[in-house]
Amino acid sequence: MNFVNELSWRGMIHDVMPGTEEQFEKEMTSAYVGIDPTADSLHIGHLVGVMMLKHLQRSGHKPIALVGGATGMIGDPSMKSQERNLLDEFTLRHNQDCLKRQLAKFLDFDSNEPNAAVMVNNYDWMKNFTFLDFIRDIGKHITVNYMMSKDSVKKRISSESSSSGMSFTEFTYQLVQGYDFLYLYQNYNCKLQMGGSDQWGNITTGTELIRRIAGGTAFAMTCPLITKADGGKFGKTESGNVWLDPEKTSPYEFYQFWLNTSDEDAEKYIKIFTLLGQEEINELVTMHRDAPHQRALQKRLAEEVTVMVHSRDDYDMAVEASQILFGQGTADQLKKLNEKTLLSVFDGVPRFEVDMSELVSGINVVDLLTEKAAVFPSKGEIRRTIQSNGLSINKERVISADFVIDQSALLGDRYILAQKGKKNYYLIIVR
RNA sequence: GGGGAGAUUCCAGAGUGGCCAAAUGGGGUAGACUGUAAAUCUAUUGGCGAUGCCUUCGGAGGUUCGAAUCCUCCUCUCCCCA
């Protein structure tokens, strides 16, 4: 399997440095991707980089996952984000461990194969590197002129937009990241850095350092930034990031995220986020174009990714839940569910607990869903939702804000299903 | 060190004494249409015991019958000149 070709037909290559392909043909090559350890879980924004590493390992080369304990605290000027705070070492290690556990689902870290994956943390080699040593040994080899010519820097300096300027720390970022590459080159024989297209400038600072200090040749390869056809940010839902950690994003929500991708995006994503082959994907795309309402693409995409990140069981559960929630499910069907099925179906649904005493004499929906269970942030909002036909209880539409709920509404004697709009479910558990 | 501009509801951005809970756009939410899509259209978008009341226009005071709007001080941001 040719790594570059593989990524190329999948639309995962934005830019490659000349000679990269030849390098892969010449020998087993180590390549790395950087990951910020800002949280103790990866989110799907990280997935592209992870998939690049996965393809790399599949084609016989050696993946290195670099945890940016040091760089993560500086903040990349191209990210526009604020400068970040230094994570304390305990948190850093904790996050690193968690990330490794997740990455192990994609990459083989443990085998004795020569191309087993490796995880490193740049904090380990940066923490004892003094400022003086750094500017003497590294800074000396790169000119400010060179650093200023990077797009990420230029954008921040030509401050026609009322941006807040760029701090020296941010300016230094590319050097620190470049040094990582040099370090990996010297200590791990790593010859390629991969990343999003916004990383190109940073990566080439690394190859430049390697050329000037080590007299070696290293390569750069970037993938396009993942976008959505509607211009929105990829990987976000109403409730924020889509995490790989099932505690943060349940498998049901995870599955739903992928199932909801638009037609246009689905064709793109299935190539990037699954390992399906070219032929199979082409068939799916054709099938989908013939009968878009079947959403064969989305279904397969959601299946593949959910199974890969979670498990086949989690996937089955998510599908079952989706069928009950979005299928022809009626109030009657809902009432027939036994407790076990009900709980598993609503596994990923936000839950609220309410005391039985609230229900015995009946309670107004508005009060229940604001004061007792904070499904809505304010009473005004729930009233507006009811007025626009947006609220259902146990799959039956609430038509008036005066609607009263009592024990007769309970499913399985202790549950109430509240639904806001089409897609948002909340489970109320009565004690 | 000197000079200038600014801080408004989720964001951008109007408003410069009463008609302002505050234009417009974006975003969010809900509805219609659909395929749990996209696009489009509609409604809504501070809170509440709701024809009214309460809290909001960087912070603290003050003027006034009445302030987002005027005055004083403070905090922060940006720009220009040294």
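Letters go in sequence order (proteins before strands), and every chain restarts at 1. This one's a predicted model, so the numbers in the text were calculated from it and none came from an experiment.
- The partner of B:rC73, taking Watson-Crick or G-U wobble pairs whose two distances both stay under 3.5 Å, is B:rG59.
- Within the structure, salt bridge (charged side-chain N to carboxylate O under 4.0 Å, His left out) contacts touching residues 397-414 of chain A (residues at least two apart or in different chains) are A:Glu339-A:Arg414.
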Short heteroatom pairs, N/O only, protein and nucleotides 25-27 of chain B, under 3.5 Å:
none

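- Within residues 359-379 of chain A, the residues approached by RNA chain B to less than 4.0 Å at the level of any non-hydrogen atom are A:Ser378, A:Lys379, in residue-number order.
- Remark: A:Tyr315 pairs with A:Tyr255 by the ring pair (Phe, Tyr, Trp, His ring centres under 6.0 Å) rule, at least two apart or across chains.
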Quick one: side chains of residues 8-16 of chain A, donor-acceptor pairs under 3.5 Å with protein atoms, not counting sequence neighbours, listed by atom name and distance.
{"from": "A:Arg10", "atom 1": "NE", "to": "A:Glu6", "atom 2": "OE2", "distance (Å)": "2.8"}
{"from": "A:Arg10", "atom 1": "NH1", "to": "A:Lys271", "atom 2": "O", "distance (Å)": "2.8"}
{"from": "A:Arg10", "atom 1": "NH1", "to": "A:Thr274", "atom 2": "O", "distance (Å)": "2.9"}
{"from": "A:Arg10", "atom 1": "NH1", "to": "A:Leu276", "atom 2": "O", "distance (Å)": "3.4"}
{"from": "A:Arg10", "atom 1": "NH2", "to": "A:Glu6", "atom 2": "OE2", "distance (Å)": "3.0"}
{"from": "A:Arg10", "atom 1": "NH2", "to": "A:Leu275", "atom 2": "O", "distance (Å)": "3.4"}
{"from": "A:Arg10", "atom 1": "NH2", "to": "A:Leu276", "atom 2": "O", "distance (Å)": "2.9"}

**Request:** Going 5' to 3' through nucleotides 34-40 of chain B, assign each nucleotide B (protein heavy atom under 4.0 Å from a base atom), S (under 4.0 Å only from sugar-phosphate atoms) or - (no protein heavy atom that close).
**Result:** BBBB-S-
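- Atom CZ in A:Arg384 sits roughly 10 Å away from atom P in B:rU44 (whole-Å rounding).
- If you check B:rG49 for Watson-Crick or wobble pairing at under 3.5 angstrom, you find it has no partner at all.
- Here A:His46 pairs with A:His43 under the ring pair (Phe, Tyr, Trp, His ring centres under 6.0 Å) rule; sequence neighbours left out.
- A salt bridge (charged side-chain N to carboxylate O under 4.0 Å, His left out) check over residues 356-376 of chain A, counting only residues at least two apart or in different chains, returns the pairs A:Glu358-A:Lys372, A:Asp367-A:Lys379, A:Glu371-A:Lys379.
- When Watson-Crick and G-U wobble pairs are counted only if both distances are under 3.5 Å, B:rC65 pairs with B:rG18.
- Under the ring pair (Phe, Tyr, Trp, His ring centres under 6.0 Å) criterion, A:His61 pairs with A:Phe24, sequence neighbours left out.
- With rounding to whole Å, A:Gln387 atom CD is found 14 Å from B:rA50 atom P.
- For the pair A:Ile382 CD1 and B:rG46 C1', the computed distance is 18 Å after rounding to whole Å.
- Between B:rA43 and A:Asn389, no contact under 4.0 Å exists linking OP1 or OP2 to a side-chain N or O.
- A:Gln177 and A:Thr205 are not linked by any side-chain donor-acceptor pair at a separation below 3.5 angstrom, with hydrogens and angles left out of the test.
- Between B:rA30, B:rG31, B:rA50, one nucleotide has an atom nearer to the side chain of A:Ser388 than all others, and that is B:rA30.
- Pairing for B:rA23 is absent, judged as Watson-Crick or G-U wobble with the two contacts each under 3.5 Å.
- In this structure, A:Glu381 places its CD atom 7 Å from P of B:rG47, rounding to the nearest Å.
- Sorted by first then second residue, the side chain to side chain donor-acceptor pair (under 3.5 Å) pairs that include residues 139-149 of chain A, not counting sequence neighbours, are A:Tyr146-A:Lys150.
- Salt-bridge check for A:Arg93 with A:Glu89: passed, with a basic side-chain N closer than 4.0 Å to an acidic carboxylate O.
- Applying the ring pair (Phe, Tyr, Trp, His ring centres under 6.0 Å) test to every pair with at least one member in residues 340-399 of chain A, sequence neighbours left out, gives no pairs at all.
- No side-chain donor from either of A:Gln199 and A:Gln193 sits under 3.5 Å from a side-chain acceptor of the other.
- A 3.5 Å limit on both hydrogen-bonding distances identifies no Watson-Crick or G-U partner for B:rU36.
- Every residue two or more places apart in sequence or in another chain that forms a ring pair (Phe, Tyr, Trp, His ring centres under 6.0 Å) with A:Phe134 is listed here: A:Phe129.
- Under the Watson-Crick or G-U wobble criterion, with both distances below 3.5 Å, B:rU29 is paired with B:rA43.
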